[in-house]
Number of protein chains: 2
Amino acid sequence: MRNTKVIKPTESELEILTVLWANGEATVRTVHEELTKTKEAGYTTTLKLMQIMHEKGLVTRNTESKTHIYIPAVDKQKTQLQIVNKMISSLFAGSPADMVMQALGGNNTTAAELKKIEDLIKTLKAKK
Amino acid sequence: MRNTKVIKPTESELEILTVLWANGEATVRTVHEELTKTKEAGYTTTLKLMQIMHEKGLVTRNTESKTHIYIPAVDKQKTQLQIVNKMISSLFAGSPADMVMQALGGNNTTAAELKKIEDLIKTLKAKK
DNA sequence: ATTGTATTACGAATTTAATCGTAAACATGA
DNA sequence: TCATGTTTACGATTAAATTCGTAATACAAT
């Protein structure tokens, strides 16, 4: 089986991946500016993190021009699922429903969002 | 406002909290034995973690008898919600529905669980 | 060419989390 | 009392994640 090695991104790495997923690809500067909308960070810190991510294989990069362009190398859906599943098993006794109830119950979820989920459930039930 | 300081439990601390929540209270030995069902861990490591949790205020403890009894000091629902919300905002662009769809879609969720969620949504919609 | 600016590379320092060895305190039972 | 086992306390070590200073490199403008 290939790809047995599951790389677990850290908190900071996830933030960076999120920017990359949203943009398809990005320079360090772009990522950094996106991040600093939310939190403090030095430029070289972001750079270093992205270099480490490259070593880990979380991203690839195009180094043709001096300003490197970073591309996410892990799938968004897969990564999200991996993290959500981990949380479900470690914090919700393996019950997705329990987790969903927390997520929906505590949040001011909009009617539109509830509808989306309802539809999803219908689809899932149909598959059974 | 009181309780401004939000303590963010680490991964290991969450595992311990989960045991404490399930039991109401527990000794280090109980917690440790519960943990080692799932993973490797030395007794003093578990002890140390629980002592640190006590320093942080994540647990209280009764030291009347030599064998101390630990009691969770943070609310289960609140803590779960805090973590789920953080994940929604950092990894799902703030959309609970997106997160739920990942959680349900990728998982082999049982029909019973789907039903539970459906009911929950009905309740939430009724409240609007 | 020279200067100024942006970028990468490198490595060190710091911080936080996790692990574990050892000793002291205490209780129990022989 | 003495030996044994359990528990706590303490501190050191390791490991992982994060931060950042500094230098080298490239590029552009003058």
Side-chain angles (χ1 to χ4, degrees), chain A residues 5-20 23 25-36 38-71 74 79 83 86-87 90-91, chain B residues 5-20 23 25-36 38-71 74 79 83 86-87 90-91:
Chain A
K5 177 185 319 178
V6 175
I7 315 158
K8 194 198 161 208
T10 68
E11 205 63 34
S12 301
E13 288 170 346
L14 279 177
E15 289 174 357
I16 291 171
L17 278 175
T18 299
V19 177
L20 291 178
N23 294 38
E25 58 176 42
T27 63
V28 173
R29 176 138 311 270
T30 304
V31 170
H32 181 246
E33 262 154 22
E34 201 59 39
L35 291 187
T36 46
T38 317
K39 66 163 192 178
E40 278 300 291
Y43 177 83
T44 54
T45 301
T46 305
L47 168 65
K48 182 66 169 187
L49 284 172
M50 290 175 75
Q51 286 171 342
I52 291 171
M53 289 170 78
H54 180 247
E55 284 169 21
K56 291 190 188 172
L58 288 170
V59 299
T60 59
R61 60 182 183 181
N62 182 333
T63 58
E64 273 173 35
S65 70
K66 158 150 203 212
T67 304
H68 299 353
I69 296 170
Y70 285 77
I71 300 118
V74 292
T79 305
I83 291 172
K86 188 200 162 88
M87 199 181 63
S90 79
L91 198 54
Chain B
K5 176 184 321 178
V6 175
I7 315 158
K8 192 194 161 210
T10 69
E11 205 63 33
S12 301
E13 288 169 345
L14 279 177
E15 289 174 358
I16 291 171
L17 278 176
T18 298
V19 176
L20 291 178
N23 294 38
E25 58 175 44
T27 64
V28 173
R29 176 138 311 272
T30 303
V31 170
H32 181 246
E33 262 154 23
E34 202 57 40
L35 292 186
T36 46
T38 316
K39 67 164 194 178
E40 280 299 289
Y43 177 83
T44 53
T45 301
T46 304
L47 168 65
K48 183 68 170 185
L49 284 173
M50 290 174 75
Q51 284 170 343
I52 291 170
M53 290 170 77
H54 180 246
E55 284 169 21
K56 291 189 189 173
L58 289 170
V59 299
T60 58
R61 60 182 184 182
N62 182 333
T63 58
E64 271 174 34
S65 71
K66 160 156 198 209
T67 304
H68 300 176
I69 296 171
Y70 284 77
I71 299 118
V74 292
T79 304
I83 290 172
K86 189 199 160 90
M87 201 180 62
S90 79
L91 199 54

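As the structure is a prediction and not an experimental result, all values here were calculated from the model.
The residues A/E15 and A/K39 are annotated as salt-bridged, a charged nitrogen and a carboxylate oxygen being separated by less than 4.0 angstrom. A salt bridge does not link B/E13 to B/K8: none of the charged side-chain nitrogens sits closer than 4.0 Å to a carboxylate oxygen.
Closest heavy-atom contact between B/S90 and A/T18: O-OG1, 3.4 Å. Here the closest non-hydrogen pair linking A/T36 and A/A41 is CG2-O, 3.8 Å.
Counting heavy atoms from C-beta outward, A/V74 and A/L17 have side chains that approach closer than 4.5 Å. Residues B/E11 and A/K86 have side chains in contact (heavy-atom distance under 4.5 Å, counting atoms from C-beta outward). No side-chain heavy atom of A/N62 sits less than 4.5 Å from a side-chain heavy atom of A/H68. Proximity of B/I71 to B/R61: side-chain heavy atoms (C-beta onward) are nowhere separated by under 4.5 Å. Between B/V28 and B/Y43 there is a side-chain heavy-atom pair separated by less than 4.5 Å.
Taking side-chain N and O atoms only, A/T10 has a distance below 4.0 Å to OP1 or OP2 of D/dT18. OP1 and OP2 of D/dT7 both lie 4.0 Å or more from every side-chain N or O belonging to B/R61. The side chain of A/S12 places an N or O atom within less than 4.0 Å of a non-bridging phosphate oxygen (OP1 or OP2) of D/dT18.
Of all nucleotides in DNA chain C, those with any atom nearer than 4.0 Å to a heavy atom of chain B start and finish, going 5' to 3', at C/dA17 to C/dC26.
For the pair B/H32 NE2 and D/dT8 C1', the interatomic distance rounds to 15 Å; values are reported in whole Å. For the pair A/E15 CD and D/dA17 C1', the computed distance is 13 Å after rounding to whole Å. A straight line from OH of B/Y43 to C1' of D/dC10 spans 15 Å, rounded to a whole angstrom.
The stretch residues 47-57 of chain A touches DNA chain C through A/L47, A/K48, A/Q51, each having a heavy atom under 4.0 angstrom from the strand.
Base contact: A/T45 has a heavy atom under 4.0 Å from a base atom.
Put simply, the side chain of A/K66 and the base of D/dT25 share a donor and an acceptor less than 3.5 Å apart.
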